[in-house]
Amino acid sequence: MNGRTMEEMPFDRVKTRRRKGRCPPGAPLGAIACEDEFNSQELEALFQSYNLKLEQTATLKALAVLIVAASSLSLVELLSSPRLTLSKCSYPVHCVVFLSLFIVTNVKYLQVTQLQQIAKLALLFSFTFALLCCPFPLALGTPETASAAAPEQGVWQLMLVTLVAYVLLPVRTLLAMLFGVMLAASHFIVIATSVTGRKQKLWRPLVANAVLFTSVNLSGVFVRILTERTQRKVFLHARNCVEERLRLEDENEKQ
């Protein structure tokens, strides 16, 4: 008689969709840049809470990598020459900033919005850290040191920071892409305006740097998209398992 009212209402089948509003129209990488999200805002918020612990661990790993990089460069610069430069002073400051963010992130009860703010701050200071690794005269100190700067100087630091932003920091994909493009463009501008010793052969290291920066950005986007989709599939699988368990318990109670 009351078969329809006695049955448990089934959960809505939720699928992921593209966030169309954040996609740049007409862009060749528009399909890659758009992130997935659930149709239900409540389910999307539940996924963010479910994924909070993983993102917190990834942020701690990113900050640990940045702390090791900043402290290592600070030690190398300190042992190399006693002359005081802007880049030499910036490495200890960035090490202290990253260490402070690491301590703040490593708390037990952390909200999603707080973690997002910490990730954006880490991204901002990562940009300044990588920018000061570029061979521009203000960071190198004397004009003699600036004239001896090489086009490959600061490349590995920029690649490391770019890869950390894509793989570990829980920021939007478009923001990570903008971060990587701005870092690469800044390095090109600094090299073109600062390195004056070999203008005729400057295009070769610039092409090599362009290939490296393009490769690390494409690899980061690829890894990030696959990771995002895998996490959402795991979340949906866990949700479906809970749904089936509740249905079985309901059927057992009816029997």
Side-chain angles (χ1 to χ4, degrees), residues 33 35-38 44-78 87 89-133 154-183 213 216-238:
E35 297 176 348
D36 291 329
E37 69 174 6
F38 294 113
E44 180 68 21
L46 184 61
F47 169 74
Q48 296 297 333
S49 301
Y50 170 83
N51 205 35
L52 177 61
K53 190 62 178 179
L54 294 177
E55 292 182 347
Q56 184 178 5
T57 304
T59 305
L60 290 174
K61 292 179 181 179
L63 291 172
V65 172
L66 294 173
I67 290 171
V68 171
S71 58
S72 301
L73 288 174
S74 178
L75 183 61
V76 169
E77 288 289 338
L78 182 63
S87 60
C89 296
S90 68
Y91 295 147
V93 174
H94 282 91
C95 184
V96 172
V97 171
F98 293 142
L99 184 60
S100 302
L101 292 176
F102 184 89
I103 295 174
V104 173
T105 308
N106 195 22
V107 296
K108 188 174 182 180
Y109 301 103
L110 191 68
Q111 302 297 325
V112 177
T113 56
Q114 295 173 348
L115 183 61
Q116 292 176 354
Q117 293 174 359
I118 293 173
K120 290 178 181 178
L121 285 176
L123 196 67
L124 175 62
F125 286 106
S126 298
F127 182 82
T128 58
F129 168 73
L131 187 62
L132 290 175
C133 293
V155 173
W156 73 267
Q157 292 95 329
L158 268 69
M159 293 180 62
L160 175 65
V161 170
T162 303
L163 195 61
V164 166
Y166 277 113
V167 178
L168 295 177
L169 286 180
V171 295
R172 297 295 185 187
T173 304
L174 286 179
L175 184 59
M177 291 177 63
L178 181 63
F179 175 80
V181 171
M182 288 180 62
L183 272 184
F213 289 141
V216 73
N217 277 276
L218 291 179
S219 302
V221 171
F222 181 73
V223 171
R224 188 175 187 86
I225 294 298
L226 289 183
T227 304
E228 176 79 11
R229 292 182 178 178
T230 302
Q231 290 174 350
R232 291 183 179 273
K233 287 180 180 179
V234 170
F235 171 73
L236 284 179
H237 179 70

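Note that the structure is predicted; figures quoted are calculated from it, not measured.
- Among V96, V104, V97, the one residue that satisfies the side chain to side chain contact (heavy atoms under 4.5 Å, CB included) test with S100 is V96.
- Closest approach of M159 and V216 over heavy atoms only: O-CG2, 3.8 Å.
- Under the 3.5 Å distance criterion, the side-chain polar atoms of T59 are matched with a main-chain donor or acceptor of E55.
- Contact record, L60 with F102: O-CE1, 3.4 Å, taken as the closest heavy-atom pair.
- At a threshold of 4.5 Å between non-hydrogen side-chain atoms, the residues E228 and T173 do not count as touching.
- Inter-residue side-chain proximity for V161 and C133 is flagged as unmet; no heavy-atom pair is nearer than 4.5 Å.
- A distance of 4.5 Å separates OG1 in T162 from CG in L183, rounded to the nearest 0.5 Å.
- Taking both residues in full, the closest heavy atoms of A165 and A176 are given as O-CB, 4.2 Å, listed atom of the first, atom of the second, then distance.
- With a 6.0 Å radius and a threshold of 12 heavy atoms from other residues, nucleotides or ligands, F213 has its CZ atom above the threshold.
- Annotation: side chain of N217 is in contact with side chain of Y166 (closest heavy-atom distance under 4.5 Å).
- Put simply, NZ on K53 and CG on L110 are 9.5 Å apart, with the number rounded to the nearest 0.5 Å.
- Counting heavy atoms from C-beta outward, H94 and L73 have side chains that stay 4.5 Å or more apart.
- The distance from atom CZ of F129 to atom SG of C95, rounded to the nearest 0.5 Å, is 9.0 Å.
- Residues L121 and Q117 fail the side-chain proximity criterion, which asks for heavy atoms closer than 4.5 Å.
- Of the inter-residue distances, the one linking L66 atom CG with L99 atom CG reads 12.0 Å to the nearest 0.5 angstrom.
- Annotation for Y91 and S74: closest pair CB-CB, 3.7 Å, computed over non-hydrogen atoms.
- Checking side-chain atoms of Q56 against main-chain N and O of V107 turns up a donor-acceptor pair under 3.5 Å.
- No donor-acceptor distance shorter than 3.5 angstrom exists from the side chain of S72 to the backbone of A69, with no hydrogens or angles considered.
- Looking only at side-chain heavy atoms (C-beta outward), L160 and W156 come within less than 4.5 Å of each other.
- To the nearest 0.5 Å, the span separating CD1 on I118 from CG on L169 amounts to 11.0 Å.
- Across all non-hydrogen atoms, the minimal contact from F98 to A122 is CE2-O, 4.2 Å.
- To the nearest 0.5 angstrom, L163 atom CG is 12.5 Å from L158 atom CG.
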